Amino acid sequence: MGTFEIVDLPPGVIPLQSRFTYKIKCNCNGAIAKLKVLLVASWPVDMQTEDEYSTTFAPTSRFTAIRTLTSIAMQERMMLKHWDITGAFMTADIDTDIYMDLPP
């Protein structure tokens, strides 16, 4: 799929840590409908600085803010064309290489 490739770590690069999280999705009867696994990456806590936090922070909005904007748009008879709120961070272009350790 081209999502990632396993390569040697360049000298001087600190990789992101990673782990798997697991979730069991049940249907309305309580029976297991899906088993989901998600690969999660995180920056090592001892390496975080205030500058890195402010440059990597992805602002999100609360549901009340979205409802307020929608309400104002309807009152002013404005047309809302497209909102991609859930996928905005996941589909953002990255202009640098990211290195991550394989999960244990």
Side-chain angles (χ1 to χ4, degrees):
M1 289 179 51
T3 305
F4 66 91
E5 57 186 82
I6 298 175
V7 297
D8 293 328
L9 190 64
V13 173
I14 300 171
L16 297 174
Q17 298 169 347
S18 67
R19 64 184 168 90
F20 284 115
T21 59
Y22 304 96
K23 184 181 265 189
I24 298 173
K25 296 279 206 165
C26 297
N27 61 16
C28 59
N29 299 334
I32 295 174
K34 287 184 186 178
L35 299 173
K36 297 181 99 177
V37 63
L38 180 66
L39 179 62
V40 179
S42 64
W43 188 256
V45 175
D46 57 340
M47 297 300 295
Q48 291 179 352
T49 64
E50 187 174 327
D51 181 51
E52 289 167 349
Y53 176 77
S54 64
T55 59
T56 59
F57 176 71
T60 58
S61 60
R62 294 182 182 216
F63 188 66
T64 54
I66 296 168
R67 284 183 20 205
T68 303
L69 288 174
T70 306
S71 175
I72 293 170
M74 294 300 120
Q75 289 175 356
E76 298 295 324
R77 298 183 188 271
M78 296 177 166
M79 182 166 61
L80 300 176
K81 289 189 176 186
H82 179 73
W83 289 17
D84 185 11
I85 295 168
T86 58
F89 182 72
M90 298 300 294
T91 59
D93 292 332
I94 300 174
D95 59 353
T96 186
D97 293 330
I98 297 175
Y99 295 93
M100 181 174 72
D101 283 334
L102 293 173

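Computed from a predicted model, the values in this text were never measured in an experiment.
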Exercise for the section: May I ask you to test the L16-D101 pair for a side-chain heavy-atom distance under 4.5 Å? Expected result: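 Answer no - side chains too far apart.
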Only counting residues at least two apart or in another chain, list the ones meeting side chain to side chain contact (heavy atoms under 4.5 Å, CB included) with [X].
X	answer
T21	R19, L38, V40
A73	M78, L80
Y22	F20, V37
P10	V13, Y99

Exercise for the section: Look at the side chain of N27 and the backbone N and O of N29, then say whether any donor-acceptor pair between them is shorter than 3.5 Å. Expected result: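 Answer holds: yes.
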Handout entry: Short side-chain to backbone donor-acceptor contact, S71 and R67, under 3.5 Å
Key =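 Not confirmed, S71 side chain does not pair with R67 backbone.
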Can you give me the closest heavy-atom contact between [X] and [Y], atom names plus distance?
X	Y	answer
A41	M100	CB-SD, 3.3 Å
S18	L102	OG-C, 3.4 Å
L35	I32	CD2-CG2, 3.9 Å

Exercise for the section: Check which hydrophobic residues are tied to I72 through side-chain heavy-atom contacts below 4.5 Å, counting indirect links as well, and list them. Expected result: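 Grouped by the 4.5 Å side-chain rule, I72 forms a cluster of one, so the answer is none.
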Exercise for the section: Drop me the distance from M74's CE to L69's CG, to the nearest 0.5 angstrom. Expected result: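 Atom-to-atom, M74:CE and L69:CG are 11.0 Å apart.
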